[in-house]
Amino acid sequence: MSNFFSSSIGKKIIMSITGLFLILFLLLHLSINLLLIFSAEAFNTASHFMATNPVLKVMQYVLAAGFIIHITWASLLTLQNQAARPIKYNTNSPARNSTWSSRNMFILGSLIFIFLVIHLSDFFYVMKFGDMAGKSDYELVTSTFKIWYYALIYIVGFVFLGLHLSHSFHSAFQTIGLNNKIWMKRLKVIGTIYLFIVCIGFAIIPLYFLIPELF
Amino acid sequence: MSILDSKIPDGPLAEKWSKHKASIKLVNPANRKKLDVIVVGSGAAGASAAASIAELGYNVKVFAFQDSSRRAHSIASQGGINATKNYKNDADSDYRLFYDMIKGGDFRAREANVYRCAEVSNSVIDQFTAQGVPFAREYSGYLANRSFGGVQVSRTFYAQGQTGQQCTIAAYQALMRQIHEGKAKMYNRCNMLDIVVKDGKARGIIAKNIETGEIERYSAHAVVLATGGFGTVYYLSTLAINSNGSAALAAYKKGAFLANPSLAQIHPTSIPKLNEYQSKLTLMSESLRNDGRVWVPKEKGDKRKPNDIPEEERDYYLERRYPAFGNLVPRDVASRAAKERCDAGYGAGETGLSVYLDFKDAIQKQGEKTISDKYGTLFDLYNKVTETNPYKEPMRIYPASHYTMGGLWVDYNLMTTIPGLYAIGESNFSDHGANRLGASSLLQCAADGYFILPVTIADYLADEIRTPTIPTDTPEFEEAEKAVKERLNKLISLNGTKTITSFHKRLGNILWDNSSMVRSEKSLKKALQLVNELEKEFWSDVKVPGSINEFNQELDRAGRVADFFELASLIIIDALNREESCGAHFREEYQTEEGEPKRNDEKFQYVAAWEYQGESKPPKLHKEELKFENVKVVQRSYK
Amino acid sequence: MKLKLKIWRQKNRNSKGKFEIYDLDNVSEEMTFLEMLDYLNSKLILEDKEPVAFDSDCREGICGMCGLYINGRTHGPEKEVTTCQLSMKAFKDRSTITVEPWRSKAFPVIKDLVVDRTSFDQLIQAGGYISADTGAAPEANSIIIKKETVDRAFDAGICIGCGACVATCKNASAMLFVGSKVTQLALLPQGKAEATIRAISMVAKMDELGFGNCTNTGACEAECPKGISISNIAKLNREYLYAKIQD
């Protein structure tokens, strides 16, 4: 495996594996969040379980590593890719041959990163190290979502996430080589279904708490 | 007795090559790395020769004027490559392929060379397959074959309509491997302008670095020309627009004899000229005549759409005139037949200068899928050029300049009359006589490059092992470089009023009208005069922009066109000399009552090899008598 | 047709280029794009101006020598054609056409619209071959290959090496070029013995030559004049991963 991680394909495989790991994490995150709609108690229990279970505690670090590696390698690859074309085209019509999001994964990723920082400081940091002032996890989350601009930040964040995911799923499989002419179409369909479930699923939650506040 | 020694080994035809290989001189592997070989041209012949010679251990330098050796025009060969595998059990053999080529060439090729080409054909297929050429396969996984014009067996191996591409890329990759291993060096964008002869031996070349314009000297113990044909002399041809005859002409002027220059093939199935601006013609592979039927309307000047013309009003003239071979007659026959119909006023299309090639019956019988499997890439190509769909409507085709059977005279070892100078592939004259059969040009290139030259070149190099690296600071190199520079300077300094292309077009028209599919003494004499006049005008009124020491495509083009004038004169002189009709060379005066070519074996059963005598002096003719000991020389008939 | 042409002009490798504007009248829509440039050049020559340098050879879409970036697209607006096959019918009368050379660190401009693509040769030199010495080949039919496999190898092997994939890729990546060669040779039994080393060396060379990384935008497949599929890139990734695991 010498030089694997420094080769272009090796670096991409790292992006792919960490990406797929984050895709899985999003599903888990979503299923816990959806509990917010159904029962405060269930959410609190799940939230507590996530925070205290020793295996999951370790997984938190793995998850953090996943994010950090995904972001670091993305930056590295983007810098190299910029260098591969020192003189840009004067006239360019890339929209004819590729999707906007596929070409702007780094920008989308950066926007998601900003969202992530806001998100972590809102909830994760407060839950873990902050002063909960006697509030349960459920109360903390729902009270935030009831503030309109917070809800908006989250919904916009999920739009970015959706665009990012629109080029993630099939792309990840392509990079690790699990793809061919037939599966390309199938993976794109599965990927699209996944991204709608995740993005609509996440977006419903702040809306669910915000809308009653507006009327 | 001619001064030409073709060095054909004694013995029975089928044993000549093995006997020759067994008796030829060899170079010890340890000595090979001390010997340099220059290969000019990097197509199917050049790349395979360079790779194979490098594998043997010689130092090889390869030159191509394109940006990569993969661009050479062998890449555009479409239909296939012949071999005598007899996979179809149709009684094929080396002898049959040999016979077909000799007969197809109208008994104007050298027996021993042609037999050897047939003999190594199987090894060529084996070699290409081993190097990864995806030849078409049956569902069983075994190799597939198809038929080509002028033969009654199925012996052609193919990769859809891109056989040449696949084979050329395989040879290119073999060459790239040798470059990787440090045994060969590639000089891209490097245009050979002259050959350097020292003490009577070819010792190097003068080349122009196309990017910088610098004139450079390269030396070697032997020089191999694999520079292709000069069909572009007609301006419009199926060749690449930069294909040229300059290397052949340079060799000729340095003392190599040029053989049969008038024997040029006009291919019957090219997409017709569509407009005045056209810079080239696109070939439709001969293989299409396997399943396509050629016809014209029975009614003169019938301007209906082809699909509106009912069956009984169509004249399948090839099937009518040549019932035994039908649509699969050789190229020269098919071309003349098309010209005859069009000249008589039955031609299709607006201009009346085309005939139909119809796949309706084949599609009905075999289904669109099968036809698309066989010819898909060709159909797509046709569609792109003409914007009509050949699955729905017959193709329109017309003859176009394609291949030069003539070329540098070589002996059995593929050496020209200059010791140490070799010519392989289309650049030599040896295997195709007066007409080349389909799917035999890739074969000859690969046979020469992979299996013949690497063996025969040792015979010469064995005597060179004591010759150290050839220095390039000798008077011979200096003189050659000076002459090259003077000519370039002259071209630049003319600063006339007409473009190079305009001259090339006019030259092409003169030749096409007077010296192509049908020629006569009258037309040829007229052509010679017109060519000479045009040449004079060129040297006083052509405009070559820019300067020498820079990337100057026009200057490179100017040199080529200047050479085309001299080649054109040679073509005409040769055509005038050959007072008979044979294969592609059809002199109106010499035809049978049915309009077929009439040979004169008594007087013209020879190779006409022309020797340069100096500027504005007529060339000197040398004859290599052709002996046919293994075939009966007959009137060629495909009826 | 009357056209305004905005063409990149650059004297040589080291000089700084710029765009020049040319008005061209009486262009026929019957011309191909390169015949239109030939026409422009003939006018420039007679006006004592320097003609535009551009590469082309076979003019039938198979040699891969031509290739221009036309109005922001490789080989122009039509699908699956090379520049030499592009018809002027694809353009409107009185329109402006911008013509640029391929842009990539690995394809430096030599002059005007001509670029140096020897990096592609270097990629093939790194391992894009089957090491079968002349004379060493077994009888061709002793290797049985499924028709489907050969057809797939052919589909990968029809690459003409024009460089449009690199030119159009936002990262100037050569993955489709390398992928199609690795795929073609890895599919065939003759090429399997070297599949591992081939994938490793060709990818290493690709990285060394300064091509970018593939981000699966699919632009190369969409612009490839021969329609070569990015499934060949997936196959390359697979071959490479497998090779590295064995390594």
Side-chain angles (χ1 to χ4, degrees), chain A residues 1-13 15-17 73-74 76-106 167-185 187-188, chain C residues 6 8 17 19 69-74 77 96-101 103-106 109 152 166-175 199-200 203-204 206-207 210-223 229-231 233-242 244-247:
Chain A
M1 295 292 280
S2 58
N3 303 327
F4 177 75
F5 294 109
S6 60
S7 75
S8 60
I9 296 183
K11 277 181 273 196
K12 277 151 36 66
I13 288 177
M15 290 300 291
S16 161
I17 304 271
W73 257 252
L76 214 67
L77 284 165
T78 305
L79 282 175
Q80 280 184 347
N81 291 342
Q82 294 284 328
R85 177 165 293 128
I87 302 173
K88 309 284 176 236
Y89 289 110
N90 172 279
T91 308
N92 206 0
S93 334
R96 299 298 195 83
N97 54 42
S98 52
T99 61
W100 183 86
S101 43
S102 74
R103 297 191 307 272
N104 293 284
M105 289 297 275
F106 189 73
H167 183 65
S168 296
F169 195 79
H170 67 271
S171 182
F173 280 93
Q174 165 84 5
T175 298
I176 50 173
L178 296 177
N179 199 2
N180 59 30
K181 270 185 183 170
I182 303 159
W183 273 94
M184 177 57 105
K185 288 177 198 131
L187 288 171
K188 278 188 175 166
Chain C
K6 187 178 165 193
W8 181 261
F19 281 98
Y69 212 72
I70 303 163
N71 282 348
R73 304 276 306 276
T74 51
T96 301
I97 305 176
T98 309
V99 193
E100 297 171 76
R103 295 282 188 206
S104 156
K105 190 180 163 193
V109 173
R152 276 172 60 206
V166 175
T168 195
C169 174
K170 77 184 238 316
N171 312 323
S173 163
M175 284 288 277
I200 290 175
V203 170
M206 179 176 77
D207 295 349
F211 290 103
N213 308 285
C214 174
T215 52
N216 305 328
T217 66
C220 52
E221 175 186 77
E223 298 288 10
S229 161
I230 55 167
S231 63
I233 296 180
K235 169 92 175 155
L236 167 62
N237 292 334
R238 200 155 64 233
E239 289 289 329
Y240 185 77
L241 189 56
Y242 181 68
K244 277 292 181 185
I245 288 167
Q246 286 186 320
D247 194 15

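Just so it is clear: chains get the letters A, B, ... in the order the sequence lines come, proteins before strands, and each one is counted from 1.
- Neither the backbone nor the side chain of A204(C) comes within contact range of chain A, judged by heavy atoms closer than 4.5 Å.
- Within the 4.5 angstrom heavy-atom criterion, only side-chain atoms of K12(A), from C-beta onward, approach chain C.
- In R152(C), the CZ atom is not crowded: 12 or fewer heavy atoms of neighbouring residues, nucleotides or ligands sit closer than 6.0 Å.
- Interface remark: P77(C) contributes no atoms to any contact with chain A (heavy atom separation under 4.5 Å).
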| Residues Y240(C), S7(A); criterion side chain to side chain donor-acceptor pair (under 3.5 Å); working and verdict | CA-CA 10 Å; Y240(C) 185 77; S7(A) 75; 2.9 Å; yes

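- The candidate with the highest count of non-hydrogen atom pairs below 4.5 Å against chain A, out of I200(C), T74(C), I230(C), V166(C), is I230(C).
- In terms of heavy atoms, N90(A) sits closest to K6(C) at OD1-NZ, 3.1 Å.
- In I182(A), the CD1 atom is not crowded: 12 or fewer heavy atoms of neighbouring residues, nucleotides or ligands sit closer than 6.0 Å.
- For the options E100(C), R238(C), K170(C), K105(C), heavy-atom pairs under 4.5 Å to chain A are most numerous at E100(C).
- Heavy-atom distances place the side chain of Y69(C), and not its backbone, under 4.5 Å from chain A.
- Counting heavy-atom pairs closer than 4.5 Å to chain C, the top residue among R103(A), M15(A), Q80(A) is R103(A).
- Neither the backbone nor the side chain of K235(C) comes within less than 4.5 Å of any heavy atom of chain A.
- In this structure, the portion of F19(C) lying under 4.5 Å from any heavy atom of chain A is its side chain and not its backbone.
- Using modelled atom types, one finds no donor on one side chain facing an acceptor on the other under 3.5 Å when comparing K244(C) with N3(A).
- By number of non-hydrogen pairs under 4.5 angstrom with chain C, the leading residue of N180(A), L178(A), L77(A) is L77(A).
- Counted by atom type alone, S231(C) and N179(A) present zero donor-acceptor pairs between their side chains at under 3.5 Å.
- Chain C forms the most heavy-atom pairs under 4.5 Å with one residue out of S102(A), S6(A), S8(A), S98(A), and that residue is S8(A).
- Looking at I13(A), only its side chain comes within 4.5 Å of chain C, counting heavy atoms on both sides.
- K88(A) NZ: more than 12 foreign heavy atoms inside a 6.0 Å radius.
- Using a 4.5 Å cut-off on side-chain heavy atoms (C-beta onward), L241(C) and I9(A) make no contact.
- Closest heavy-atom contact between G210(C) and A84(A): O-CB, 3.6 Å.
- Both the backbone and the side chain of C214(C) come within contact range of chain A, with heavy atoms under 4.5 Å apart.
- Between R103(C) atom CZ and Y89(A) atom OH the span is 7.5 Å, to the nearest 0.5 Å.
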| query | Please walk me through it: do Q82(A) and N171(C) pass side chain to side chain contact (heavy atoms under 4.5 Å, CB included)? | reply | CA-CA 7 Å; Q82(A) 294 284 328; N171(C) 312 323; over 6 Å; no

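- Looking at T175(A) and N216(C), their side chains come closer than 4.5 Å, going by heavy atoms from C-beta outward.
- Among N213(C), L236(C), N237(C), the residue with the largest count of heavy-atom pairs under 4.5 Å with chain A is N213(C).
- Put simply, the side chain of R73(C) never gets that close to the backbone of N92(A): no donor and acceptor are under 3.5 Å apart.
- Residue V109(C) does not touch chain A at all, counting heavy-atom pairs closer than 4.5 Å.
- The backbone N or O of A219(C) lies less than 3.5 Å from no partner atom in the side chain of N97(A), so there is not a single donor-acceptor pair.
- Both the backbone and the side chain of T215(C) have a heavy atom closer than 4.5 Å to some heavy atom of chain A.
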